[in-house]
Amino acid sequence: MSASNYPKVYGTAAITAAFVAGILLTLGFKDFYPDLQRRYQRRRGEPDSSPDSPPASTSLPPVTLEDHTRIRQSVLSAPPPPIPEGIEGCIGNTPLFKIKSLSEATGCTILAKAEFLNGGGGSSKDRVALSMINMAEEQGLLTPGQGDTIYEGTSGSTGISLAALARARGYKARIFMPSDQSMEKSDLLHHLGAEVERVTPAPITSTEHFVNLARTRAKEHTASQNDASKGFFADQFENLANYTAHLQTTGPEIYRQTGGQLDAFVAGAGTGGTIAGIAIYLKKIMGMGDDLKVVLADPEGSGLYNKVKNGVMFSNTEKEGTRRRQQIDTIVEGIGINRITENFEIGREFIDDAVRVTDVQAMKMARWLVEKDGIFIGSSSAVNCVAAVVTALEMPKGSRIVTICSDSGTRHLSRFWKMIGELGLEEEHENLLTLLGIKPTG
């Protein structure tokens, strides 16, 4: 090694020695530092916070580690709940919940069946659609996988449920609906793969009525010689699979969820299947009889209120079933009708009373429920809730009233909820009865 390299070698050695010394000094100071910290804190009168010092307070219990192995094993050994089979398995068993603001305003407990949580089309009509399809398959009126088409005339919700279930079961759907219904319903039907025909409103006596058109198109399909596929007219208004769905599912669920402790049931009627099926189950099958008051919630333009209250649809001078005048324009969709359907008739004897609800009351109720409870519902559900309040005010304090929240307000944005905004009904209010123009009885 040349003399010129000595400074470099010595310099490198010095740096290495300094680095090693620094490590040793740090390790030694690590053990010495806690003692210095304790001395410094004692001088300042501070509590000792060193890691290895005893805690200043012994009020906290010692931490113990629990073995949850046995708990996990017991959970795993229990039989798992059944997993629903397809979208059909997500229909039914909807929650029953208390509407707090309505209960506080009336002094009664008002409960709502959250039918908007059904997993098919998101409404109470899921139950009906599934029941009608099952019945049709049992009778050979529908056969999966051969191009069969389900035809129906509907204001929207039944068609949506049928369209969803049709796809799940291997069918097509063609839906006829009045042109004055909200656009989001027909848009949803389109996206569900259904063929939609919006029809100018006409009396039921007309061949151009949306229900009659659906029946005619189904017959034409079946009669066609193009292929072996069939057309099935679901006929929700007269098909008794409608009320049977609620007799077999909704009614039992309500009875089970309330433990049989309910004093009134309130619901509207379009086809009439919901109120008929539930009333028959509760009053007849479960034997509640006169202990349960069943109340029809009826909107403007419907003749069912008069039928329940007075025994006639309109007046003594008009023959029932031949009325040709169109009903007055009403904002409420899904309930209210000017004829007696088979589904309504089969349960009519079990309906004790009726409440007439105006469009304005329904809109105000819908807005109230958003403000006070965060509940966003459609027009028919709002009618049901108004009628539930009226019913509660006529009953003893503490009574239990059950009603139906059929579908979400998302299907009523372009018509019902748009009208609420246009009429300036989105202001906050503090008194429900004053808002609705209802006077307490007694």
Side-chain angles (χ1 to χ4, degrees), residues 155 201 203-205 209 211 237-238 240 242-243 246 263-280 282-284 288-362 365 379-395 399 401-404 433 436-442:
S155 61
I204 187 63
T205 51
H209 187 275
V211 172
F237 290 90
E238 312 301 334
L240 296 184
N242 182 339
Y243 99 92
H246 297 289
D263 302 291
F265 173 69
V266 179
T271 63
T274 301
I275 193 168
I278 295 173
I280 292 172
L282 295 176
K283 299 195 77 165
K284 185 176 181 180
M288 298 189 72
D290 294 337
D291 292 333
L292 177 71
K293 185 177 183 180
V294 175
V295 180
L296 170 73
D298 211 34
E300 291 180 289
S302 173
L304 296 181
Y305 171 86
N306 285 331
K307 186 66 175 178
V308 172
K309 299 287 282 189
N310 307 312
V312 295
M313 289 290 284
F314 307 105
S315 70
N316 293 329
T317 59
E318 276 187 295
K319 184 179 178 182
E320 188 171 314
T322 61
R323 189 172 192 257
R324 290 184 171 274
R325 291 175 300 183
Q326 295 186 27
Q327 68 180 39
I328 65 171
D329 188 21
T330 177
I331 199 69
V332 174
E333 301 177 10
I335 58 174
I337 194 171
N338 284 326
R339 68 183 190 276
I340 299 295
T341 67
E342 287 290 334
N343 283 284
F344 185 82
E345 182 62 28
I346 202 167
R348 183 159 64 93
E349 65 178 291
F350 300 100
I351 301 174
D352 303 295
D353 201 359
V355 174
R356 171 68 54 77
V357 179
T358 68
D359 283 350
V360 173
Q361 285 178 318
M365 172 59 77
S379 57
S380 62
S381 302
V383 170
N384 287 346
C385 288
V386 173
V389 168
V390 173
T391 301
L393 293 174
E394 296 175 349
M395 302 188 72
S399 297
I401 294 91
V402 174
T403 191
I404 301 290
L433 304 187
L436 299 177
I438 299 173
K439 295 181 180 180
T441 57

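- In this structure, V211 and F237 approach most closely via the heavy-atom pair CG2-CE1, 3.6 Å.
- To the nearest 0.5 Å, the span separating CD1 on I351 from CZ on R348 amounts to 8.5 Å.
- The backbone N or O of V312 lies less than 3.5 Å from no partner atom in the side chain of N306, so there is not a single donor-acceptor pair.
- Annotation: cation-pi pair R339/F344 absent, no NZ/CZ under 6.0 Å from the ring centroid and within 45° of its normal.
- Taking 4.5 Å as the limit, some side-chain heavy atom of I275 sits within range of a side-chain heavy atom of L296.
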- Message: Apply salt bridge (Lys or Arg N to Asp or Glu O under 4.0 Å) to residues D352 and K283 and explain how you reach the verdict.
- Response: CA-CA 11 Å; D352 303 295; K283 299 195 77 165; 2.7 Å; yes

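- Judged by distance alone, the side chain of T403 and the main-chain N or O of V266 form a donor-acceptor pair under 3.5 Å.
- Summarising the geometry, atom CE belonging to M313 is positioned 4.5 Å from atom CD1 belonging to I340; distances are rounded to the nearest 0.5 Å.
- No side-chain heavy atom of I404 sits under 4.5 Å from any side-chain heavy atom of S381.
- Nearest approach of G270 to I337, heavy atoms of both residues: O-CD1, 3.5 Å.
- Of all heavy-atom pairs spanning L436 and M365, the tightest one is CD1-CE, 3.8 Å.
- Between N338 and G303, the closest heavy-atom pair is OD1-N, 3.1 Å.
- Residues N343 and T271 have side chains that never bring a donor and an acceptor to within less than 3.5 angstrom of each other.
- With hydrogens and angles ignored, the 3.5 Å screen pairs no side-chain donor or acceptor of D263 with any backbone N or O of S399.
- Under a 3.5 Å cut-off, the side chain of T391 and the backbone N or O of A387 do form a donor-acceptor pair.
- A donor-acceptor contact shorter than 3.5 Å links the side chain of S379 to the backbone of E333.
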- side-chain contact (heavy atoms from CB on, under 4.5 Å) evaluation trace for F265 with V295: CA-CA 6 Å; F265 173 69; V295 180; over 6 Å; no

- Derivation and outcome, side-chain contact (heavy atoms from CB on, under 4.5 Å), residues K309 and R356: CA-CA 10 Å; K309 299 287 282 189; R356 171 68 54 77; over 6 Å; no

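- Taking all atoms of both residues into account, the shortest heavy-atom contact from G336 to D298 is CA-OD1, 4.0 Å.
- Taking all atoms of both residues into account, the shortest heavy-atom contact from Y243 to A276 is CB-CB, 4.4 Å.
- Shown are T358, V332, V357, V386; of these, the side chain to side chain contact (heavy atoms under 4.5 Å, CB included) with P299 is made only by V332.
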- Message: Does N242 form a side-chain contact (heavy atoms from CB on, under 4.5 Å) with T341? I'd like the steps, not just the answer.
- Response: CA-CA 11 Å; N242 182 339; T341 67; over 6 Å; no

